[in-house]
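Only one structure is covered here, and it is reproduced in the block below.
In the text below, chain A, chain B and the rest are named by the order of the sequence lines, each starting its count at 1. All values reported here derive from a predicted model rather than from experimental measurement. Basis for what follows: all heavy atoms, side chains included, without hydrogens, waters or symmetry-related copies.
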Amino acid sequence: MELINLVFRNLKSRPVRSFLTWLGILVATTSMILFLSFGEGLRKALDSEMQNFGPEIRIVAAGTSAFAAPLPELSPDMLPKLEALKDEIGIETISPLVVMVKGGGFSPASGFLFYGLDDQTSPELFLPGAKPIEGRLQPQPDGAVVGFKKAEQSNLKIGKTLRLGREQEVEIVGILEETGTLSDSAIFVPLKVLQDAMGTTNYGTFLLNLDNNVDIEKASQKLEAAFDGIEAQSMSEAMEYAKKSLRIGDFIRFGISAVALIVGALLIANTIMMSVFERTREFGLMRAIGAKQQFIFALVLTEALFLALTGGLAGVLLGYVGTIVINIVSVNYVGIALSALTVRLAFFALSVALVLGLLSGLLPARNASRMPVIKALGRA
Amino acid sequence: MLETKQLSKDFIQGDSTIHALIDFSYDFPKGITAIMGPSGSGKTTLLNLLAGFDQPTKGEVHLAKKRIDNLSEDARSDVRLHNTGFIFQNWSLLPTLNAIENVAFPMLLAGVGKDERIAKAAGLLDSFGLKHRAKHKASQLSGGEQQRIAIARALILEPQVLFADEPTGNLDSASGDIVLELLKQHTQGERRLVLVTHDAEVAKLSDRILYFRDGKFERIEELTR
């Protein structure tokens, strides 16, 4: 406590320099929080998406990456063959699906993501427990059911007509309640209508629910053995793939934010070095009175750690405010909270700031503590 | 209490060796011992060695029944803290601390609790007539006040040996007199004060004067106070 008091006095005696250094740490930590919060936000969104997603296996054409919209490459005669394998593999339901993205790429704000569902499949497949806030839940036989966010963004209302292709139009018959997932930005239409609009009789994917106690991995293997040119992706596999991508993204973002942190560390090192240089005589006086080397070392190092800790804490707080602002924008724009400050991330950012504070304070602390007393006092 | 045996200190400068102090053996008696001599006579070198700031090239320094010249830096710091007090010519207070904290600083190093050290420092400042300056920092104090506070700090752990290096060197004569009077007052009983000075008037308040020239001890002059 006494040491902290001394440290605080020393930093206060050079207020502008101390504040600027502190600000450097704050900005560096905030930038790291913001960069890495994207990974955390996407991970959380992914978890939530997965929890809301019913099917255990999706069959797509070989080479289709997990989470990519599958092209209609699966031939219609696959469906009866799959039906025939139901008992052998332990398939409970088969939901054939086509997906169409129209305009704006994958940006849910400007683009339209259509799911074509057959007569037996309801939007509940993607949003278990989903309820319409207006109209009905089922798009069949010739309507469209719109996710909450899409309806809000594109001002879609019951009775309005959506054009899918040159001759294919559907009337909006239902608007779903908000679920906070990506499916809030989707539009569900009858399978046949969407196939016609895409000029195909193929399917993009088959979503399978398995009987209880059926081993998902084994079922995937059997399906891949039964059909050529397909992949039977289990959702856990897809999840792993997505998380791997996120981890790669995390590394890239950490690399970028590390630059800011290294600059912050150099700021601390510079401030403490200058401070040690200016206070050589003061340290000499302390030693002459009877302070041990360890006392001087701890004093200088604590200054660096104090700057790093308080700057880091303020950076975490500012980062938290930043994630709120990002989420307000991203929820409006893409329908999901992209950024998240998890406890893990807060601790990580704070730890990195502290480690850098420690490293940048070590050399000045060592120099200050090892300086011979007569030299420090100018009596050599 | 404070003794040197064949104490020598050489400094290497380029190709030449400077003999700053040569074979000085002396057992400092209680009371005030002034060290005098022209510049380069070895006064400051001797004080540095006695206080354990530096290590001799040869010989021994005994302080408080311990041989200190061969101790580690930290061990010498410890001996200094508990057995000595030092009053410098100038720049003697820690600038970020106020007067009372400066006085109490050795007690902080010795691990004494805040209440006890502040109470003792306040009592000492009071007896030095500086109670009203307790919360002032060095930059807000006159040179004379700073030196009085430095003396209070040197005395707070009640050491048996005091060192003073030109303690009145930067003071006007009135302030210098007050400082000298304080030093005299507090060198009672078994306490020893080793005082380095150029000023013959200052040396007169001592019990004896050791004269040095070119690193060699020349003679001793015993005085009656």
Interface moiety of [X] toward chain A, non-hydrogen atoms closer than 4.5 Å:
{"X": "Arg76(B)", "value": "neither"}
{"X": "Phe105(B)", "value": "side chain"}
{"X": "Leu97(B)", "value": "both"}

For [X] and [Y], does a side-chain donor sit closer than 3.5 Å to a side-chain acceptor?
{"X": "His136(B)", "Y": "Asn98(B)", "value": "no"}
{"X": "Ser275(A)", "Y": "Arg279(A)", "value": "yes"}
{"X": "Thr323(A)", "Y": "Ser339(A)", "value": "no"}
{"X": "Glu60(B)", "Y": "Thr4(B)", "value": "no"}

task: Please check if the side chain of Arg213(B) supplies one atom and the backbone of Pro38(B) the other of a donor-acceptor pair under 3.5 Å.
output: no
message: Below 4.5 Å, heavy-atom pairs only: which of Asp74(B), Val79(B), Thr45(B), Leu108(B) has the largest tally toward chain A?
response: Asp74(B)
Which of Leu157(B), Asp54(B), Thr84(B) touches chain A most, by non-hydrogen pairs under 4.5 Å: Asp54(B)
